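Note that ligands are numbered from 1 as they come in the structure, with each ligand's atoms numbered from 1 the same way. Treat the numbers as computed from the prediction; the structure is a model and nothing was measured.
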Amino acid sequence: MTTQTQVPVTVLTGFLGSGKTTLLNSILTVEHGKRIAVIENEFGEVGVDQDLVIGAEEEIFEMNNGCICCTVRGDLIRILGNLLKRKDRFDYILIETTGMADPGPVAQTFFVDDEMQSKMRLDGIVTLVDAKHVWEHIDDSSEVKEQIAFADVILLNKIDLVAPEDVDRLEARIKSMNAAAKIYRTHNAEIDVEKILHVGGFNLDRAMEVDPQFMEPEYPFEWGGIYALEAGTYQLALQPGPDPEINVALFSAQEATTATLAERTMDAVLLFSNDEQVRRPGEVLERTDILYQLALEGQELNYTLSIAQPGFYALYTQHHPTEFELELRAERGPLMAVVAHDYKPKHEHDDEVSSVGIDVPGDLDPRKLNEWLGELLRTQGPDIFRMKGVLSIQGAEERYVFQGVHMLFDGRPDRAWGSTPRRNSLIFIGRNLNREQLNKGFKACLA
Ligand SMILES: Nc1nc2c(ncn2[C@@H]2O[C@H](COP(=O)(O)OP(=O)(O)OP(=O)(O)O)[C@@H](O)[C@H]2O)c(=O)[nH]1
């Protein structure tokens, strides 16, 4: 049901470097009479986007631990929940997803969770397309395809970098992938906000056409089951499997029914977005409501489960128990879960694509930096999809903010450091990145 009190939400997507932050900046600076709260998501470990978005510190909630499509069911729900407590302060929510995200799971959050659905309404998905560089990814990146396929509004950005006939060709190609979206051509993502906010556009039916499993959420665990346990100790026994560790969590449950398991699932999702406590073989898992990471070291992969109160307990495992021959054993032998469910696992990411974040205090020698960056772009330009950062240059009072998309580079002085400690945070996103080499090369540029 749609009511006036539901806050409209727009999800902003687009491949790395397509212009999302540029668009966000213009929305946050142009006078349009709307109060917009922004949620940002970073792919990678060093949060730089917050520094790149101008004058909006208060409204920005940055999610840092990984890809939004993976942590969405925990982090995003929590952040949105906190945001809603301050609902008097804004009338629109904008979520910027990482350039590597498939927008499906983000959009889905607003349909699968009753609480979310009653308070917010997905107004639309806006996808930015880099008119020059998209050709390098359009054929083989499933993220790019999904971003285009799910969009309600598509901005063909950076038209200044390509010939008009190439933009026509791109538009035709995009129309063949998504005939329903409104398409606009932009330079520096300049567009009237009315064209992208309040489009009333997100169409669930079309989302289901794009992805028939759209409504089936992805979970950070692959299996959950409820056991009936007496007070005492049990063994969680595993065999080596495809990963060097596995996360598990235990909850108490009212009864052993599928309804109870479903109720516990949302708690498990939230818990699985928390930090883990590591347990090694032979150690004890003494509590419920804790996310344990079982380090699978050595041959005897047994962990003790200590149960204080008899009752029903729901166990969730990051990977399917069969992958590790995981068993819960009592003295009399292995136990069977009374009810169990297999969950749709998280999707795969492009393994080759990774990010390297660098965060070091100190000042940089501009000459050394120039040489190093020049060399880096010459030798690895095609593999570096994106780099950006905030740098402290020796002798300069202002922060130096830079951006790069493939071989294109743009840098300029920004706000003064003032009393903030001077440091350098930057991130590279790309294929076959060598973390050690990048770190070493960058540090050698320090004055
Ligand atoms: N030539 C040109 N450059 C643009 C245009 N729009 C944005 N840029 C530049 O492209 C670079 C990337 O833009 P961002 O807005 O940071 O891109 P993004 O999508 O937020 O990037 P990620 O955060 O990496 O996903 C910046 O250097 C922008 O100044 C445009 O229309 N033309």
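Counting the atoms of ligand 1 from 1 in the order shown, those under 4.0 Å from a heavy atom of Glu96 are 20 (O). Distances below 4.0 Å separate heavy atoms of Thr22 from the following atoms of ligand 1: 7 (C), 13 (O), 14 (P), 15 (O), 28 (C). Ligand 1 places these atoms under 4.0 Å from at least one heavy atom of His187: 30 (C), 31 (O), 32 (N). The ligand atoms of ligand 1 that sit less than 4.0 angstrom from a heavy atom of Leu161 are 1 (N). Near Asp160, with a cut-off below 4.0 Å to any heavy atom, the atoms of ligand 1 are 1 (N), 2 (C), 30 (C), 31 (O), 32 (N).
Proximity of Gly17 to ligand 1 is established by a heavy-atom distance of less than 4.0 Å.
Taking the six-membered ring for Trp and thresholds of 30 and 60 degrees, Tyr316 and Tyr343 have ring planes inclined between 30 and 60 degrees apart.
Using a 4.0 Å cut-off between charged side-chain N and carboxylate O, Arg121 and Asp123 make a salt bridge.
Qualifying side chain to side chain donor-acceptor pair (under 3.5 Å) partners for Asp139, counting only residues two or more places apart in sequence or in other chains: Arg173. Evaluation of the side chain to side chain donor-acceptor pair (under 3.5 Å) rule for His319 yields Asp243 as partners, not counting sequence neighbours.
Of the polar atoms of Gly14, none of the N or O atoms is found under 3.5 Å from an N or O of ligand 1, judged by distance alone.
The side-chain tip of Arg169 points at the ring of Trp135 from less than 6.0 angstrom away and within 45° of straight on.
Ile246 is listed as a side-chain neighbour of Leu296, based on a closest heavy-atom distance under 4.5 Å.
The option with the heavy atom closest to atom 6 (N) of ligand 1, from among Leu128, Asn157, Leu24, is Asn157.
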